[in-house]
Amino acid sequence: MKKITKFIALLLLTCWVGCKKTNTLTTSSTTPSLSSAFLSQSSFTNRGTAQSTSLTVALAYAITGSVTFSIISSGNDFTPKTYTTTLTAGQASVAIPLSFNGTSTLTSETITVSATGYTGTPAATGTIGTTGASGYNTLFIPPTISGTTFNLTLAASTKQFKTGAITNTYGYNGNSFWGPTLIMNKGDNVQMNVTNNLINTTTVHWHGFHIPAVMDGGPHQKIAPGTTWSPYFQVKNNAGLYWYHPHLHEKTFDQITMGAGGLIIVKDPIETALALPRTYGIDDFPLVFTSRRFLSGNQFSKTIALDNYGDYAMANGTMNAQVNMPKQQVRLRILNAEIQRGLNIGFSDNRNFYVITNDGGLLNAPVAVTRVVMMPGERIELMVNLGNDAVGASLDLKAFNSGQAFGFPGQEGNPTQPTGNAGPINGGLLNNTDFTLLHINVAATTANAITAVPTILANNTYWTTADVTNNRTINITGGQGGSNFSFDNNFYNYTTINQTINLNAVEQWTIVNNNIFGHALHIHDIQFKIISRSSGAVAGYESGWKDVVYLRLGETVKVIAKFDDFTSSVNPYMYHCHFSNHEDEGMMGQFLVQ
Ligand code: C2O
Ligand code: CU
């Protein structure tokens, strides 16, 4: 049992002028590692009238013992007070009596609740608690593992996503959905130990990593139930955001849907030398965006042909997520972990932000944008300035997905028609709509705040057409008359080698998508440079090292990569569409480097 001595939750209380209506209270925590401890509240009625009421604090973790809450207000609604109570095992909430003096004329105020003295271990399967009147839940921040040995165990779990029944899920290392964030240094030799406690076979792929194919965790590196797979490799990638996820052929969609996946943060001296936010969960936020559709009974709907799109957005597995971010420059490390939906990301007030990395690390310089399109598997890190926002103000990070051209995944479907259980094939409540990915509450500036975006980030030298030693063309095929998508008219075959590449070749791949719909091509082993798009210019925000590229409908895209360091005459690498439904349906090929 771990003694928890200090805990602070910030509660934002909004009261409209006059204070005669029901006022909504939203809660969030400034202590990410314990962020689920206090979750719900509640609304107050007639706060402008003298009254006695109570503040209900939900306890999502199994904590016990004598606890003293102290409750203070930035306004004049009530006299600051403390409240001491003894928690019993399994207690779900505490109602703290509060007397409002009825004289408040404030339009908003912040209530801060802190708690001391209790003991308890945050439960690995802690539920997200009851949704407060605000509808927001505190963003889950995945725990981290650092060092050179990384032990992961995938197991079945459950999570309370919706009112009513709990949802069956998968998570690594006791997490109820998703897994810990692995933090590694470039150059380190790391040992991975992946234990499969599922009743089904799985694999774990280190997405974006430049490592030997036998360590890559593709469909061939199977981990049988009850066994441990222990690959090892040197981290050769640049500082940036990568991720791990199952890659068992025809099971990737299913296992990712259940929640299996996790982030990897690589650090290196170039990134470390920059004045960037890097305090995890404080000014540097891991953000994994996805969505799910639920069956009646609250289980995930995961019929491959029906569930391209979820109906409910999640950030780090939290639905209706909110988080406190300090009033300064903050860094958001974003993964689009959707099955098929693209995300046209921006802020609710259309403010500028800076993209500082692509899939394979830092850009040479930050790129200012108001929107970034991200396909499944793609990562960016961005910096956004909250320094001009008032403490207590809020804004949303959104997917501006309405009005996209046909072929943008998530454009189709009728958003006004609730899909309920297994919905229309290409519909979904979030399709063709603008929806919130994360509600951000601006909190106090931290010590040593970063206040500017560096003007120079890195000094990457990219491949150009002058470096190319071999050309290759990949055609996107299939899809006609409801058939599945493929590459060059071949569905994935476990024993077929589709491409053979010479060690140290600098290859230009021309990917031709004259085929019905958009896709996202991911190539294992390498990071590439996008050279051209037939639809127009390559966006500045995708000018860095990439391992996933969006292929618009009707578009031909050229990328260049060098295939160095690792050869094998038997172990292939994969290339595939990163829509995991397409991948599982056969839109994948494999190549040998030799
Ligand atoms: Cu993220 Cu082949 O996968
Ligand atoms: Cu696809």
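Being a predicted model, the structure only gives us computed values, none of them experimental. Numbering of ligands and ligand atoms starts at 1, following listing order.
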Tell me whether Cys577 has at least one N, O or S atom under 2.8 Å from the Cu ion (ligand 2).
yes
The Cu ion (ligand 2) to His519: nearest N/O/S atom name
ND1
With atom 1 (Cu) of ligand 1 at the apex, how many degrees lie between NE2 of His245 and NE2 of His578, rounded to 10 degrees?
110°
If you consider just the N/O/S atoms, which atom of His207 is the closest one to atom 1 (Cu) of ligand 1?
ND1
Is the closest side-chain heavy-atom distance between Asn432 and Gln404 below 4.5 Å?
no
Is the ring centre of Phe563 less than 6.0 Å from the ring centre of Tyr573?
no
Crowding at CZ, Phe150 (>12 non-hydrogen neighbours, <6.0 Å):
yes
Aromatic ring proximity, centroids under 6.0 angstrom, His247 and His207
no
Heteroatom test (N, O or S) for His247 near atom 2 (Cu) of ligand 1, limit 2.8 Å
yes
Restricting to N/O/S, name the atom of His582 that gets closest to the Cu ion (ligand 2).
ND1
Which N, O or S atom of His524 lies nearest to atom 2 (Cu) of ligand 1, by name:
NE2
Distance to the ring centre below 6.0 angstrom and angle to the axis at most 45 degrees; does that hold for Arg371 and Phe400?
yes
Nearest heavy-atom pair of Ile516 and Gly479: which atoms, and what distance?
CD1-O, 3.1 Å
